[in-house]
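In what follows, a single structure is set out as structure tokens and then discussed.
Letters A, B, ... mirror the listed sequences (proteins, then strands); counts begin at 1.
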Amino acid sequence: MRTGAARIVGRRAIGRSIVELALAVPPAFPEPRPGQFVHVRVPGDALVLRRPLSVADWDERERVLRLIFRVVGEGTARLAALPVGAAVDAFLPPSTGFPLSAVRAGETALLVGGGLGVAPLIFLARALHARGVRVKARIGFACAEDVFGLRRLRAVADVELYTDDGSAGAKGRVTDGLGPEAAFHAAFVCGPVPMLRAFQRMFRGDGRPIYAALEARMACGAGACRACVVPVAEGSALRHRRVCRDGPVFALASLHVAGVPEDGSPDGGRGWADGGGFV
Amino acid sequence: MRTGAARIVGRRAIGRSIVELALAVPPAFPEPRPGQFVHVRVPGDALVLRRPLSVADWDERERVLRLIFRVVGEGTARLAALPVGAAVDAFLPPSTGFPLSAVRAGETALLVGGGLGVAPLIFLARALHARGVRVKARIGFACAEDVFGLRRLRAVADVELYTDDGSAGAKGRVTDGLGPEAAFHAAFVCGPVPMLRAFQRMFRGDGRPIYAALEARMACGAGACRACVVPVAEGSALRHRRVCRDGPVFALASLHVAGVPEDGSPDGGRGWADGGGFV
Amino acid sequence: MPASGTFGYGEEFAELYDLRWLGALVTKATTGGPRLGNGTPRVAETPSGMLNAIGLENPGVEAVVREVLPAARRHGVPIIVNVAGSTEEEYVAVVRALAASPDVAAIELNVSCPNVKAGGMEFGTDARTLFRLTEKVKAESRVPVIVKLSPNVTDIVALARAAEAGGADGLSLINTVVGLSIDVGRRRPLLWNTTGGLSGPAIRPIALRMVYAVYPHVAIPIIGVGGIETVDDVLAFILAGAELVQVGTANFRDPYVLPRLAAALPERLRALGVRHIHDLLGAAHPPAVRGEKAERRAAR
Amino acid sequence: MPASGTFGYGEEFAELYDLRWLGALVTKATTGGPRLGNGTPRVAETPSGMLNAIGLENPGVEAVVREVLPAARRHGVPIIVNVAGSTEEEYVAVVRALAASPDVAAIELNVSCPNVKAGGMEFGTDARTLFRLTEKVKAESRVPVIVKLSPNVTDIVALARAAEAGGADGLSLINTVVGLSIDVGRRRPLLWNTTGGLSGPAIRPIALRMVYAVYPHVAIPIIGVGGIETVDDVLAFILAGAELVQVGTANFRDPYVLPRLAAALPERLRALGVRHIHDLLGAAHPPAVRGEKAERRAAR
Ligand SMILES: Cc1cc2nc3c(=O)[nH]c(=O)nc-3n(C[C@H](O)[C@H](O)[C@H](O)COP(=O)(O)OP(=O)(O)OC[C@H]3O[C@@H](n4cnc5c(N)ncnc54)[C@H](O)[C@@H]3O)c2cc1C
Ligand SMILES: Cc1cc2nc3c(=O)[nH]c(=O)nc-3n(C[C@H](O)[C@H](O)[C@H](O)COP(=O)(O)OP(=O)(O)OC[C@H]3O[C@@H](n4cnc5c(N)ncnc54)[C@H](O)[C@@H]3O)c2cc1C
Ligand SMILES: Cc1cc2nc3c(=O)[nH]c(=O)nc-3n(C[C@H](O)[C@H](O)[C@H](O)COP(=O)(O)O)c2cc1C
Ligand SMILES: Cc1cc2nc3c(=O)[nH]c(=O)nc-3n(C[C@H](O)[C@H](O)[C@H](O)COP(=O)(O)O)c2cc1C
Ligand code: FES
Ligand code: FES
């Protein structure tokens, strides 16, 4: 069973409307990998779709999975309102996640995340660190209040913190001062569209493996309905790939960004595919 | 404000899937009268209609209103699942209720209720008793497990208890042995269709005031939509009267029952108007 | 403003709040003679919606003009009378009778009530019939005539155009969608009338689509109706091209929904950085469509 | 069985449970050439429902026959291929290509997809066009042809009859209802394609009504689809006259819904005192209608 009644064993409010939930999963629940997401059924009988949320951390001994999310609408509001002890139906689609093998022990991985995009990087950083990879993380938030994951990341990575208003860490963006000369063997990026686009421009032609985790509006979350596609270059052909199953992580260079408006995503956390104008 | 956030201050399970809720109502909430109902908003965003529930009792000092209801579907199930402390939006339409003036101090009132129809009779019995009326109550249930209100009724009335299977009180129906010779000045009846019909047959031509509380599927509960009508004889004319506003209590003799199938209401607690086939 | 049939003649809601909050009061349908309507049950709940089959119960136009409207006038809000009928003659007769009343601000022609056997629905599904009916009614009416269209059609634009060509001063979009609910235990349709009209949030996407589809093709104002519950629902209809909106089923879940919406609107507009709600009218359409629409309105 | 487009080619759900539970597997729409479909977002949530505008993304019939169907066959369940096209020629070509495949148990003709600009929808809204299309397709097909009708029409019975007259072996009722969702913050339609198809519990009363309306007028079996989530929903469709049902959107909320329904059905029938589910077929119709229906079926 890839889905089952997980139980909320922890609940914590972070800053302005960001919530962290710790879910104890049932025995049959498969082990998540960094970059994967759970497709969560939300309470509310009028809500027919699940909500995709990245696995922000995973404790294999306790079998506890952490989600960190912002309350943006009805579904996240209802999830955030659940008390400790409540059951949550979480489904773990067999998505690809971050390819850990892109970087070897002793090599350096650069992790770059903005806003809620930092969530999956926590799990990733711990997994890479456990494999002996040196982890450098650049994380950015709107302001000090929104910062999360700092302690957990610092335990396994060399962290640079940015905020838009300078209220914590350096004032600026995670891409500031970054360029092809940055030292890393592989990079993993997760954040809003403008950040991904900046990254793609910056490292165009750079041969090193760079991976980006995307968001997309989903229905099945399982690969069957093709709601969540992004155009991906395969050789000279452009193919639609499913974020839920072929992703959510893709090679940054393969992503087709032509159609995405330069003004990016006005509503913050929104992902690539939500930019509209593809195809 | 005829509606407001009442708060659950008590919650008790009675027998098989019957629940009693005590609701503390806000100061602006009007005082309910016996026979009136509250139109309750139920949690559940896909449920667009309120649920009508009789006021089973009213404590004017504490401003606490009691509801006793059976869990029959989604709405009552959700109401029954609410914890003490939860807010409930209850609306008190200006319905007519039981005409207390139909019987005077020293006179005898006969109250006859079956199943959940007993609920409003508790409030009625207390109100009549307080006015010096002698109250006789005949109440019937399916079995001992379903019995409720007995103690509260006995405090103010002379009670005869019946159950279908004889597991409490006498085996039989509340109408057993009842006839035109029964001694009362006014009668108040609440129960399923077959019971009301039996009553109407039994007292056809009897000059004494007999009132019946009806159920009907409602939308607005306020008199505006005409979802809840029953055909009522007014002189020689047949008019549609709104259960929510012109009722829920009607003179039994005025109710037009021609169209109601003799086999009655297969699903128990259902009321008059639900019998179908009117007009 | 409230949607027809969900608000009676205002009487009951006037006990709850001051109706002068409202843009207008839309009455339930008025027919020629008095009607008892359908048997019960007349309503059924469905997921995020409900079915109703009231069956046009009303005291008939004579009583409405003589008693109901004079009483409703004291709420101090313009009254739009919803008109229905089984035949063209009945519609015309009702409108003629209403022309005699000083209490009618406008007429809403209900050509879409799915709950009457003869006629009713048919007027709203055939463009030619609708054109003729609108023309006849216009000729009798002293006040603006709004045509309320049925969503149960293949081509809503054709019907909207027919109503406009017939002289309609506005369009209400939409009436209920025909639906059915089955009582599984009793093995029969739940409603006495078998089918009923689906309303509530469930049909909001359908209503929005129809407003959006009609907007580019007519010059007359559109009144959006169908599943509105929140301020953002109101704004969605305005963005799709509705100048006004009606709220029906939501009055049942929350009898105070109309004043609540009115109170919440200004703040929501501020939060969105909108100076005037008119800036949002039809703004979800591509610029080319908005340009054409402006021309169409100017030409009128 | 699953509804077309919500279950891919079964691949993904076969990882979750044994598909032999299912009555059949209905594929997503197959067209002549490969299609990339629409831009994103392709789905939006609505009250008790959702909109989708996938846009018939599929690898084209050639790849389907060569690669997809042989792979899908190993799930051990009959495969019904949903077929779509922009022109009559495309439909016919797809069906002809499928006739060459040993893996096709039946064809479901999707004449109702509202998300493609050219054609698609039109085939499902005009009775004459549908009759012709069905006839042509039947002539090419080696397997039964089920016609899946669009609910976006004034008269569903006329279209059902046209399909039957054209030789259809069954009818699927219904496809999605055209709807629109507006992104209020961005002041534009939420879906890339502007409109999308409404599915889920919100449309269940509409689907039930159409099954109920068509049942008396055709002899061929009806497959009910639209908003089914629970065993009682299944029974409601059977009572309305559907011999089989499909489940679409509910697979998204609960990927295990199909085996769960199959498992829960016998117990529910017992609780209702029903010996065989066939006893419920069309049982919500009046006896006279059921009698006529029996004659109609016998005459076929
Ligand atoms: C692979 C993946 C991982 C994600 N991980 C996280 C995370 O770790 N933390 C976090 O805060 N958010 C994350 N998101 C975004 C999160 O899914 C949305 O914020 C959430 O679905 C919004 O639901 P809602 O009901 O509150 O909002 P509403 O706007 O009411 O939702 C309406 C519908 O739109 C969909 N939707 C709205 N915004 C998004 C979005 N940005 N991406 C996808 N679907 C959306 C919802 O799922 C729902 O179907 C992730 C998205 C994806 C695709
Ligand atoms: C004036 C009045 C007073 C009532 N008092 C009581 C009471 O004190 N205790 C009690 O147990 N029940 C009472 N009922 C019945 C109670 O309203 C229904 O049992 C309840 O609405 C069922 O809701 P549901 O969501 O659980 O059932 P569902 O069947 O899921 O409800 C679906 C819809 O049908 C309506 N409905 C279903 N059954 C009835 C019914 N019998 N009468 C009216 N509407 C119905 C619901 O309100 C809802 O709109 C009363 C009904 C009326 C009209
Ligand atoms: C109980 C009820 C009665 C209605 N009666 C009428 C009517 O008499 N005339 C009319 O034009 N529309 C009538 N309608 C339709 C509504 O005016 C409105 O068009 C429809 O319900 C959609 O809006 P909503 O989703 O906000 O309810 C009625 C709707 C309901 C729910
Ligand atoms: C994401 C999605 C894709 C669909 N694709 C198709 C399709 O390719 N062909 C088709 O005939 N119907 C398609 N449909 C319609 C469904 O098969 C079904 O008719 C409709 O969704 C109503 O059923 P439901 O409410 O159970 O989902 C699709 C529906 C959804 C939600
Ligand atoms: S969400 Fe269905 S394929 Fe990705
Ligand atoms: S429920 Fe609306 S008039 Fe009674």
Side-chain angles (χ1 to χ4, degrees), chain B residues 1-4 30 39-42 44-51 72-75 89 91-94 214-231 237-240 242-245 259-261 263 265-268 270-279, chain C residues 2 4-17 27-29 34-59 183 185-193 196 199-202 227 229 248-256:
Chain B
M1 287 292 239
R2 294 209 146 255
T3 181
H39 211 31
V40 180
R41 182 166 174 166
V42 285
D45 44 353
L47 306 182
V48 303
L49 296 179
R50 289 171 176 251
R51 302 299 192 257
V72 297
E74 193 68 18
D89 181 349
F91 173 59
L92 184 79
L214 299 192
E215 291 188 0
R217 299 218 168 213
M218 295 182 179
C220 71
C225 75
R226 307 199 75 84
C228 63
V229 296
V230 281
L238 206 61
R239 295 194 52 178
H240 271 157
R242 300 161 299 181
V243 170
C244 70
R245 193 164 178 112
V260 183
D263 67 345
S265 154
D267 50 357
R270 289 266 172 99
W272 210 257
D274 240 339
F278 274 122
V279 177
Chain C
S4 171
T6 62
F7 213 73
Y9 297 96
E11 192 66 23
E12 293 79 14
F13 287 87
E15 294 166 6
L16 303 183
Y17 54 86
T27 72
K28 61 181 285 69
R35 295 209 193 186
L36 268 180
N38 292 323
T40 56
R42 291 176 166 192
V43 291
E45 200 178 42
T46 68
S48 294
M50 62 173 283
L51 296 172
N52 89 80
I54 307 295
L56 299 181
E57 173 165 4
N58 82 101
D183 185 328
R186 298 186 183 189
R187 304 191 192 178
R188 66 180 192 205
L190 197 146
L191 296 180
W192 181 91
N193 187 55
S199 63
E229 277 201 325
T249 303
N251 290 299
F252 303 155
R253 184 142 66 175
D254 178 7
Y256 294 91

Heavy-atom pairs under 4.5 Å with chain C - which of B:Ala222, B:Gly44, B:Gly221, B:Ala227 has more of them than the others?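 Result: the option with the highest number of such pairs is B:Ala227.
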If we define contacts as heavy-atom pairs under 4.5 Å, which of B:Val42, B:Leu238, B:Leu47, B:Asp45 has the most with chain C?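 Highest number of pairs under 4.5 Å: B:Leu47.
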Just do the salt bridge (charged side-chain N to carboxylate O under 4.0 Å, His left out) check on B:Arg51 and B:Glu74 with the steps written out, would you? CA-CA 11 Å; B:Arg51 302 299 192 257; B:Glu74 193 68 18; over 6 Å; no
So for C:Pro201, is it side chain, backbone, both, or neither that comes closer than 4.5 Å to the heavy atoms of chain B?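 Only the side chain of C:Pro201 comes within 4.5 Å of chain B.
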Against chain B, work out which of C:Ser48, C:Gly8, C:Ala202 has the most heavy-atom pairs shorter than 4.5 Å and name it.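 Most heavy-atom pairs under 4.5 Å with chain B: C:Ser48.
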Quick check: does any side chain N or O of B:Arg50 sit under 3.5 Å from a backbone N or O of C:Arg253, one acting as donor and the other as acceptor?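 A pair under 3.5 Å: yes.
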So C:Phe7 and C:Phe13, would you call those rings parallel, tilted or perpendicular, with 30° and 60° as cut-offs?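 Correct class here is parallel.
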Closest heavy-atom contact between C:Thr6 and C:Gly248?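 Reported closest heavy-atom pair: OG1-CA, 3.5 Å.
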Looking only at heavy atoms, which two atoms of C:Arg42 and C:Leu36 are closest? And how far apart?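 Heavy-atom minimum between the residues: NH2-O, 2.8 Å.
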Heavy-atom contact with chain C under 4.5 Å, split by part of B:Arg41: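 Interface part for B:Arg41: side chain.
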